[in-house]
Amino acid sequence: MISVSQVVPGGFRTVRQAVHAAPEGATISVAPGRYRENLVLTRDVTIVAEDGPGTVLISSDTGAVVEVAAAVALSGIELEGTDAEQAPVVVGAGRLVMVECAVRGDSWAAAFAHGTGGLVLRDSLLSNPSGAGVVVTSQAGSSVHNSTFEDLGTSAVVVAERGLLDMRGCTVRKSGGNGFYLSGHAEFTAVDSGIADCGDKPAVAVEDHATAVLRRISVRDAAGLGFFMKTTGLVDLTECAVEGSAAEAFLAEGTGRLSLRDCDARRSARYGMRFAGTSTAVLQDCRVSDVEGTGVAVEERSTVELRGLEVRACRDNGVQLTSKEEAVLHGLAIRDCAHNGIVVRGANARFEALEVERAQRAAVEVVADGHALLRGCVVRAAGGPGIAVSGGTLTAEDGDLHGCGGDGVVLADGASGVLTRCRIRAGGGHGVHIAAAAKARMSECELHGNDGDGIRVATDRDVVVRDCSLRENGGSGLRQQVMSTSIAVENISSSGNGVADAFGTAQAVPAVPAEPAAPRSGRAVENVPAEELQALVGLENVKREVATLVNLNRMAKLRVEAGLSAPPMSRHLVFAGAPGTGKTTVARLYGAILAELGVLESGHLVEVARADLVAQIVGGTAIKTTEAFREAIGGVLFIDEAYTLSAQSGGTGPDFGREAIDTLVKLMEDHRDEAVVIVAGYSREMADFLATNPGLESRFSRTIEFPNYSAAELVTIVRQQCSRHDYRLDERAAELLLRYFDEMPKDATFGNGRTARKTFELIVDHQASRLASSPAVATSDLTQLLPEDMAFAQPIPSHSTAAAEGADVDG
């Protein structure tokens, strides 16, 4: 044992003197103190702090503090270098093992392993406000275990060229650059390590040809990306997590191969995971939640194979696929996304065992020549349609769509769809809507309890409906709006629907009445939409107004047939009122009635909003508006929230909304007998809208007000939902529900009919929770909705409180 002390006589005064005198393999014990010197270690030695870590500091203002070219071990030593051009620790040959040491630098790196040198750090601390922590370019093999990197000016760990580094149990805090940066042909393994509060560079960056195997790496509060992978090599991530990144949590570009198993992306400010370039990714049992943008995006020519992914609470789409390469997604679950659950745009995607719940827009949207194959798709409570296909193709097998706010499946703009063994039920629109220029083939499908038709056909292209069951829909089981011989119907079962079936042509296939419609006093099919209108809850004033309009149109037709002049009249309407009051439904029925009177050719409904009419380039708005109007010729163009077209009036930029209004006015004049235009929105805003163009008020001569539903009417809507779904509302629960609706604020967030339907779903949820805790459940219990299921509306008083107030608590 060789001793070094600055105060004890008889030993070496400096470490350098001891090293110079020490034989190979000697151990040098250093007494507490600060030693200002540079050590060049060319023989095998071990240097230890006599009194343990934190008692010995070796420092230098110039050059490296320790430069190694042998087998050297340091234990409990602190090293401090302030040379701006040189790292405090340099290993160019041999191997340096540092245990319970601390390195503080003020240079481009704190520790540097290059050439044939290997660096081993254990239970140590590195800091360097001016640069990196550890830089490894040597392929001799280095390792860092159970160590901490903090207060770094740039990246904490850099592995470049052909560097080889293994890291385990480490922590990176407050790095100005990357946590880990890999480039060249580097090979990096990291396990059980964390990165927090790094700069605006990616927390983990893998570039060039580097490869990385990362296990249980966590990234928190990154000011930039979480994991950035732009390499030709393999990146293997297992149980890695990113929480709170200012950009993507995981971003892959380039041509690399990626494997992500059991990885998490939470609270990223952009995408959760994004794959671009020509990267190839395999995902297994990963999760994305609470991201501000899209959950998972697959772009350019990247390829993704997925087995198990949960995406939750994204502010944009859940999954967006635009890659030209096929994506295979098995076991994908998407919940509570603010836009669409899935968007397939110009891409080819295959989904197996897909679940989408509570997407605020469409659960699945296929556009721009995209193709989606869905096997075992489950959709619950989409705010809009369950599956919307526009200009793309859909193949769906063994699907179950329940409680969609719009149509279950809508095919539009030349789309084609094949549906096999799909069940679509309890939707707010049609079960399946086959719009203009679309094609469809349906077999062994069930369409039950939808508010609109079971199947609505508004195309003259090929439609095949075979072996399908159509029951208890609010409209027809099957309704064809466009006369065509291109529809083939075989072996369908249609019963309990609100309106008689009507399909085929007058020459080919007579209208088939729905079972409950058969005994209706022999009424003609042309009266069916009028009956459907009268069956709507409430809206008495609306019904009278529409009836008056229908009578005017009927008399006008009779006058023309009698050789008299038609009275001057405008069929275009303003529907004014709050959302959820049935404006779209009434517009659809109004068009159907006019079609059956012969006033309109087909009576189909084309629903648009500002985004469907307004472009952001000069001249583009006129084109979009004209296209939408032409699609509605023969039927009804319904413009929801039409006042948004004039919302930008008075600004300093181009007023493209005003251009849409001007174009619309001209089209209404040029095609005044070919289409009906209905504009809808809040009452005050619609009055302002009509004042924006002199021609608008003359063309919309009649405004129909849609009042909010009364509390009693909302209860009736809930009762209808109960009947449709085999539930029975207890009268005591109905009284609570009436009070709940009566006291509910009728502000801008009030959804009228939608609120009633959501309330019904909430009651059913509470009933399910109540029954789940019961030891035995009878069939009658499954159908009964009790006051206990209305706890959200009226707290059920405790026995003691009720007794004090004289309340009846029986049952």
Side-chain angles (χ1 to χ4, degrees), residues 36-41 57-69 72 74 77-96 98 101-121 124-140 142-144 147-165 167 170-188 190 195 197-208 210 223-224 228:
R36 294 185 178 274
E37 51 188 303
N38 303 92
L39 301 180
V40 179
L41 306 175
L57 170 63
I58 303 175
S59 65
S60 175
D61 296 333
T62 60
V65 179
V66 173
E67 189 170 351
V68 173
V72 176
L74 303 180
I77 305 295
E78 294 188 11
L79 305 174
E80 182 178 76
T82 57
D83 189 332
E85 303 298 326
Q86 185 63 276
V89 176
V90 178
V91 186
R95 190 172 191 81
L96 172 61
M98 303 178 66
C101 293
V103 180
R104 293 189 293 274
D106 196 16
S107 179
W108 59 274
F112 178 37
H114 67 105
T116 60
L119 173 66
V120 177
L121 289 173
S124 295
L125 171 67
L126 285 87
S127 61
N128 183 13
S130 297
V134 168
V135 177
V136 176
T137 61
S138 167
Q139 58 184 327
S142 298
S143 63
V144 182
S147 296
T148 300
F149 298 79
E150 63 183 15
D151 295 324
L152 287 311
T154 58
S155 300
V157 176
V158 177
V159 189
E161 299 178 13
R162 294 191 176 275
L164 180 62
L165 177 64
M167 173 174 282
C170 294
T171 299
V172 175
R173 292 192 292 262
K174 297 181 180 179
S175 64
N178 309 109
F180 306 151
Y181 177 73
L182 318 174
S183 65
H185 289 83
E187 297 181 34
F188 180 63
I195 302 171
D197 194 18
C198 57
D200 57 4
K201 299 292 183 66
V204 177
V206 188
E207 297 185 352
D208 298 333
F228 175 62

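These figures come from a predicted structure and were not determined experimentally. One is the number of the first residue; the rest follow in order along the sequence.
The OG atom of Ser124 lies 9.0 Å from the CG atom of Leu74; values are rounded to the nearest 0.5 Å. Taking CG of Asn128 as the start and OG1 of Thr154 as the end, the distance is 7.0 Å to the nearest 0.5 Å. Note that CD of Glu80 and OG of Ser60 are 10.0 Å apart. Values are rounded to the nearest 0.5 Å. Ser143 OG to Arg95 CZ: the interatomic distance, rounded to the nearest 0.5 Å, is 6.0 Å. Between Ser59 atom OG and Glu78 atom CD the span is 10.5 Å, to the nearest 0.5 Å.
Within the 3.5 Å criterion, the main-chain N or O of Leu165 finds no donor-acceptor partner in the side chain of Ser142. One N or O on the side chain of Asp208 and one on the backbone of Gly184 form a donor-acceptor pair closer than 3.5 Å.
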Can I get a per-line list of side-chain donor-acceptor pairs under 3.5 Å for residues 172-181, giving both atom names and the distance, sequence neighbours left out?
unit_1 : atom_1 : unit_2 : atom_2 : d
Arg173 : NH2    : Glu150 : OE1    : 2.9
Ser175 : OG     : Gly177 : O      : 3.4
Asn178 : OD1    : Ser155 : OG     : 3.0
Asn178 : ND2    : Pro202 : O      : 2.7
Tyr181 : OH     : Glu207 : OE1    : 3.1

Do any side-chain atoms of residues 81-89 form donor-acceptor pairs under 3.5 angstrom with protein atoms, and if so which ones, sequence neighbours left out?
unit_1 : atom_1 : unit_2 : atom_2 : d
Thr82  : OG1    : Asp61  : OD1    : 2.9
Asp83  : OD1    : Glu85  : N      : 2.8
Asp83  : OD2    : Gly63  : N      : 2.6

(request) Go through the steps to decide whether Ser107 and Ser130 satisfy the test side chain to side chain contact (heavy atoms under 4.5 Å, CB included), and finish with yes or no. (result) CA-CA 5 Å; Ser107 179; Ser130 297; 5.9 Å; no
(message) Checking Arg104 against Leu57 for the side chain to side chain contact (heavy atoms under 4.5 Å, CB included) test, could you report, in this order, the C-alpha distance in whole Å, the side-chain angles of both residues, the deciding distance, and whether it holds?
(response) CA-CA 10 Å; Arg104 293 189 293 274; Leu57 170 63; 3.7 Å; yes
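Within the 4.5 Å cutoff, the side chain of Val134 has heavy atoms near those of the Phe149 side chain. The side-chain heavy atoms of Ile77 and Ile58, taken from C-beta on, include a pair separated by under 4.5 Å.
Looking at Leu79, Val66, Leu126 one by one, the single match for side chain to side chain contact (heavy atoms under 4.5 Å, CB included) with Met98 turns out to be Leu79.
Among all heavy-atom pairs drawn from Gly117 and Ala140, the shortest one is O-CB, 3.8 Å. In terms of heavy atoms, Val159 sits closest to Glu187 at CG1-O, 4.3 Å. The two residues Leu164 and Gln139 come nearest to each other via the heavy atoms CD2-O, 4.0 Å. Taking every heavy atom of both residues into account, Lys201 and Cys198 meet most closely at O-SG, 4.4 Å. Here the shortest heavy-atom pairing between Ala109 and Val135 reads CB-CG2, 3.7 Å.
The aromatic rings of Phe112 and His114 lie parallel to each other, their planes meeting at an angle below 30°, with 60° marking the opposite boundary.
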